[in-house]
Peer 1: 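Below is the structure I would like to discuss, written out as structure tokens.
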Amino acid sequence: METIFYTYQDFYTHTKGVSYLLMIAALIGIALFWNFLTGKDDEKKKKP
Amino acid sequence: MSDKAANDAKTWFTPFNVISGTIIIIGIVITILRFTRGLGAVTNLSDNNPWGIWIGFDLLVGVALAAGGYVTSAAVYIFGMKKYHSAVRPAVLTGFLGYALVVVALNYDVGIPWRLPYPFIYQGTTSFLFEVAACVALYLTVLFLEFMPAPLEWLGLKKVRELAVKLTMVLTVLGVIISTLHQSSLGAIFLIAPSKLHPLWYSPYLPTFFFISSIIAGLSMVIFESTLSHHYFADKMDEVHIKENEGVTLGFGKAASLVLAGYFMIKIIGIAGGNNWNLLGTSYGLWFLVELLGFVALPSFLYAVGVRNKDLTLIKWTAVWTVLGVVINRLNVSLIAFNWQLPSSQRYFPSWMEIAISVFVVTVGIVVFRFIVTRMPVFYEHPDYKDKH
Amino acid sequence: MSISRRKFLGWIGAAGIGSTVGKSALASGNKHFEGYPGSFGVLHDISRCVGCRSCEAACNKVNDLPVPDKAFTDISVLDEKRRTTSKAYTVVNRYDVAGKKEPVFRKNQCNHCLEPACASVCFVRAFKKTPTGAVTYDPNVCVGCRYCMIACPFEIPAYEYNKALEPRVMKCTMCYPRISKGQLPGCVEACPVEALTFGKREDLLMIARERIRKYPDRYINHIYGETEMGGTNWLYISGVAFSDIGMREDLGVTPAPELTSGALAAVPVVAGLWPVLLMGIYAISKRKESISQQEIEDAVRAVSDKADSELAQALAKARKEQEAAVRKEVRKALEEAARSRDKEDI
Amino acid sequence: MNKGKYLLGFVCILAVSIVFIYSTRILGSGQISDVSSRSRSDVIQIDKMTAFGRLEKPPVEFLHNAHTEALAKKKMDCTACHLTDNDRIFLKFKRIKDTDRIEVMNIYHKGCISCHGEMKAAGEKAGPVECDGCHKEKTLYSSSGQPMGFDKSLHFRHSEVQDKKCERCHHEYDEKAKKLFYAKGKEGTCRYCHQTETKDNLISMRLASHIACIDCHRKNLSKKIAAGPVNCLGCHDREAQQKIKKISPVPRMDMKQPDIALLKTAKKGSGVDTMSLNRMNFVPFDHKAHESYNDSCRICHHESLKPCNECHTLAGIKEGKEVNLEKAMHQVNTGRSCQGCHVLKQDDENCAGCHAFMGKTSRTEDELCLQCHMVPVSEKKKLLKPDDEKMLATAKLLSRTPVTGTYNENDIPEKVIIKNLSNKYEAVDFPHRKIINTLVSNIKDNKLAGYFHSQEGTICQGCHHNSPVSKKPPQCGNCHGKAFDEKNPLKPGIMGAYHLQCIGCHKEMDIKKPAGCTDCHKKIKDKM
């Protein structure tokens, strides 16, 4: 992170690289979280 | 050529086989030419016009018209319009084939095809083409998995099929996200060249325009393609499919009409944003108006009429017209309004071989589609899997 | 526990240092990049150029490009306007400007933008802005998508369309190999009238300003490339309007990467929020479904209950009637019996 | 049927929207009107209505001559369109002055359209009668009308025929009496009073000249005596202007002006202290000679005929627009100051070869100042009497030697062999002496040049610049070496220096030969 960027291009390549990684993480994360969120719904259905 | 075609199409001499056979043979010949003599030998591309119809049509139009997949699956699985369920599989299939063919076409256009995976190694993250590449690659997989149940049913692999079906929801959501991104990114590709694209078409809203119009294309394609299927593959369909089809046509027609209206609005806003009113008076302006009024406003209106009067034929013809409109829009942005300042002598017009390859690719698509729908449960529910979704 | 906390604090500290050292790296929001300090460039004084094409010859030689069919001493080539090609990194064009008795000559080649459009759009990072100022190209990673040619506002990159195997994008490299060895770019070295001046960009700007100041009536007061497309390492001064010698003055001062940054910034946001949105819609539609499901069941139940009760009543009634009938029959039978017994007694 | 109705409706909407969009074209900005090649010298933009605020329609492009000719055919003259009042004509169309918006507009519309209509009715070729026939979006003609100058020769011819009755044209304005009167000996050029724009009752130069000239010409014409032109082309057309008779030499205009003046920092007895009277070496000025160089007094006496230092004082005052004496005399990039005018003369083909490279700057070496500032301090300790001044000035002027000097033939190397680039070509035989001789002969008849090149080393400075004058100046290679020296980025390298100097000079002097590399650099023998 300590690198100094002289051109917008370099800086931008760097930040975009990071944000792409974050995007992948976000997509997987949200899926898992959805499962966690709705995990109990089906059980309730089964009970009665 | 035709006798060759005959040899190629060994046993059955149906007109379809003969024609497609001929086209495919020509295609193969040109393919060999392109990969042995280079792009210069088969295309009219130049240093001023580096992109021809293989990008303008095969990539931009191809992707736009393959939008049916995500539109339909979103409608059915996310917006819970179960009554359109029968439309999903054909749409997903066309989507999948569409993207597959786009990738095939790219192999022709790109200088060094075997390096197509390079973007993922040397990530040029600031390029919108990177974004597109990533999405197309990912979406192709998604569509493949989405379509999986059909072949699995065909092959009778129950277990795997169950798994595939479980994934449907996730895949759909993923599919919609990815589509949103790359459909808009295809428009965003041209944001870098404000000095080359005519101001009436260049707009900071380009990505939005492309995304919205892709929805329109998707909806219209589903209608269009279902019309064709009914014409040619009616025997392959179960009564559910046939019964639901009318509903699909009406429903999608209504949706398309609405979206077109919205698209029309933002296009106008686009002109206002660039304060390009005065340009509407020019010859390019006239062409722009043809696109805007003739291929956006008009179909939106015709769809509305069709839906109000339950006039299926009108809707179907409008669908064709709309699809044509999207094609024109993509060609405008990528070829016609691009490099508009160049003297006509330096403008690009495709060579017959470029066109032939595009036709070839489309034909291949149709043939494969035909192969699949005549074998796999696309237009009908597989007996063993009735109401299992 | 305590250890982990110390660790944690350590990270914070590191981050702090990071933020102090990595000025532009971590500074957020309004950012400004000056480009590489002391990067080289070339000042093209168009008013000096005599159109001798020595630069073209030199360029062809040092980059060992294919020999053209018309010799470089052949000035008739200037009769038509040319652009850079895969066989010529630089071309000189002649312009007959209205109100000028002498024709004006202009050399055209890659301007080596401070923020190159080609680099911004290359999805394999084949183009690179080097600290020397030169924008270089790496043919070993190039896929050949030719997006760079679409993006370049100066229409410089050319393509080897007639190569089947590994065709390359061709463009001036500011003689990167030579300048990194401390030599002059080929064209600059060859120019007989010093219409091309090689040096640090900031020096070149100074020289340009000085010339304009000293000869106000020989130059128009504009240094092309100082701000165009965010600035270029190749600079131009001229005695005639740049638009008269085929240089576009409508390119604006926005660096190429900024043209797409806005849209590109939206990408991760979409990826982040779409799932939420879609899942939400999905949940809602699903809920609608289940609710309607529920209602249907209730309705059915209600109906069936009513039906049951009616049935029961009907049955009860029937049973009563039946019993009554039976009793009646029994009594009848008993009376009969009694009556017959009485008859036998008389 | 239902659908049909819908479609019809849609088509209507479509048509309307298209119409709307095309109407935006008028509002739309950036409408590039291609400047037509057709140019006339009688184009008049009728945009008088701007006086009453924004124009509703584009201004009218009026071709005056087309109308005068058309009228002439019908035996009609100016009065057909211009009102007259005791045979004084008014320039405005069918009115004396702009009253109010509606009225003026009606005058135009009635006047133009009615006449056009009548002619149309009579089946003759007539102008338009519909709105955008006159109010056109883009202009069809570019005006080639030249400003008309009343030069010395013309002035002389007029004063001749007017038998020296200056009052016929020259006048002053009496504020109290509110009328014009003639002030003998105070005649100046019209523009001293009549500015480009009309201010209250002081009419613009345009009006003044058209009224005065055309009126007079008309009268003479009507009297059937030789008269100047009355139509646009006569004065404003380039060809016509060439045809105007010139007499030379023009006899000197007599305004009691000096033949030779002594330019001083301040006028004696003008209330300024003696200190500022004695600021600077005085300059003897050949007023008579300069009269002959220029076409009108206004070139130097741009505001009035007063001496320079009355308005341009040492410190500068309001009357002189705060332009102080130094500026007034030395400002470059203007024809008004002494040095400015002299520097402009350097653009002459014979001078530009050397001077183009020196840049236009008022700063020169100190000894050059003394070329003009000749009258040294010692001689103006005492305030001089006018006659003595004149004598002194005359003496100084006569002492000047306006002849270009140079070293004598055999001190000037005949050839210089230039061996740089000998790797590519034969060495260059540079005809050094020939060149100098040409330069000298080019300017030998030029008094100004002669005066400033009288020193023998001066002419050499054209190439041997940035080094002191001497018989043996340093050669090019002594200063110019390797190119792009970071320490001295402004100095060209040796090759650049040679080519820039030679080619540049030849270009400036418009010398066609030698052209191309091999006219100077012979191909190496063995290569041939």
Side-chain angles (χ1 to χ4, degrees), chain B residues 34-41 43 45-48 50-51 74 77-82 106 109-113 115-116 118-119 121-133 169 172-174 176-177 180-181 184-185 187-196 204 206-207 338 341, chain C residues 83-86 117 119-127 141-153 155 157-169 229 248 250-252 254 256-257 259-264 266-267 270-271 274-275 278-279 281-282 284-286 288-289:
Chain B
R34 182 255 173 273
F35 285 107
T36 51
R37 300 272 197 71
L39 281 164
T43 66
L45 297 175
S46 69
D47 290 334
N48 286 336
W51 283 357
Y77 294 125
I78 296 176
F79 294 81
M81 305 177 182
K82 286 279 189 289
L106 278 180
D109 182 76
V110 155
I112 310 172
R115 287 184 183 170
L116 270 175
Y118 274 24
I121 309 167
Y122 313 94
Q123 302 99 348
T125 47
T126 55
S127 171
F128 259 108
L129 221 47
F130 175 79
E131 211 282 333
V132 172
M169 183 54 210
T172 313
V173 172
L174 203 56
V176 174
I177 297 162
T180 315
L181 291 180
S184 50
S185 297
I189 279 180
F190 294 93
L191 284 176
I192 196 75
S195 55
K196 294 185 184 177
L206 258 177
F338 193 82
Q341 279 154 320
Chain C
R83 64 152 285 160
T84 54
T85 67
S86 57
S120 153
V121 298
C122 185
F123 65 171
V124 290
R125 296 203 234 166
F127 289 96
V141 301
C142 177
V143 181
C145 69
R146 308 189 296 285
Y147 192 13
C148 45
M149 298 163 72
I150 291 282
C152 178
E155 286 174 338
Y159 198 64
E160 295 182 313
Y161 283 107
N162 294 323
K163 266 175 88 179
L165 292 175
E166 315 224 328
R168 295 165 296 169
V169 171
M229 290 305 289
R248 297 189 59 171
D250 60 347
L251 293 176
T254 318
L259 288 168
T260 51
S261 57
L264 210 44
V267 168
V270 171
W274 243 222
L278 296 171
M279 296 293 198
I281 296 170
Y282 171 67
I284 292 166
S285 62
K286 202 153 174 231
K288 276 223 199 77
E289 230 168 79

Peer 1: So, B/Arg115 and C/Glu166, do they make that salt bridge, N to O below 4.0 Å?
Peer 2: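 Here B/Arg115 pairs with C/Glu166 in a salt bridge, since their nearest N and O are under 4.0 Å apart.
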Peer 1: In terms of heavy-atom proximity below 4.5 Å to chain B, should C/Leu264 be classed as side chain, backbone, both, or neither?
Peer 2: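 Both parts, heavy atoms under 4.5 Å.
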Peer 1: Which is it for B/Trp51 and C/Tyr147 under the ring pair (Phe, Tyr, Trp, His ring centres under 6.0 Å) test, yes or no, and what are the steps along the way?
Peer 2: CA-CA 8 Å; B/Trp51 283 357; C/Tyr147 192 13; 5.3 Å; yes
Peer 1: Counting only heavy atoms closer than 4.5 Å, note whether C/Ser86 contacts chain B via side chain, backbone, both or neither.
Peer 2: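 Just the backbone, heavy atoms under 4.5 Å.
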Peer 1: Is the Lys NZ or Arg CZ of C/Arg146 less than 6.0 Å from the centre of C/Tyr159's six-membered ring, within 45° of the axis?
Peer 2: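 That pair qualifies as a cation-pi contact.
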Peer 1: What part of C/Thr254 lies closer than 4.5 angstrom to a heavy atom of chain B: side chain, backbone, both or neither?
Peer 2: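 C/Thr254 has no heavy atom closer than 4.5 Å to chain B.
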Peer 1: Counting only non-hydrogen atoms closer than 4.5 Å, does C/Ala126 touch chain B with its backbone (N, CA, C, O), its side chain (CB onward), both, or neither?
Peer 2: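 Contact with chain B involves no heavy atom of C/Ala126 at all.
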Peer 1: Sort B/Glu131 into side chain, backbone, both or neither according to what part of it lies under 4.5 angstrom from a heavy atom of chain C.
Peer 2: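 Just the side chain, heavy atoms under 4.5 Å.
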Peer 1: Residues in salt bridge (Lys or Arg N to Asp or Glu O under 4.0 Å) with B/Lys196, at least two apart?
Peer 2: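 Per chain and number, B/Lys196 pairs via salt bridge (Lys or Arg N to Asp or Glu O under 4.0 Å) with no residue.
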Peer 1: Counting only non-hydrogen atoms closer than 4.5 Å, does C/Asn162 touch chain B with its backbone (N, CA, C, O), its side chain (CB onward), both, or neither?
Peer 2: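 Answer is both: backbone and side chain atoms of C/Asn162 are under 4.5 Å from chain B.
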Peer 1: Relative to chain C, which segment of B/Ser195 carries a heavy atom at a distance below 4.5 Å: side chain, backbone, both, or neither?
Peer 2: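 Both the backbone and the side chain of B/Ser195 come within 4.5 Å of chain C.
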Peer 1: Is it the backbone or the side chain of C/Arg168 that comes under 4.5 Å from a heavy atom of chain B, or both, or neither?
Peer 2: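 Answer is neither: C/Arg168 stays 4.5 Å or more from chain B.
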Peer 1: Non-hydrogen atoms of chain B under 4.5 Å away: do they reach the side chain of C/Cys122, the backbone, both or neither?
Peer 2: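 Contact with chain B: backbone only.
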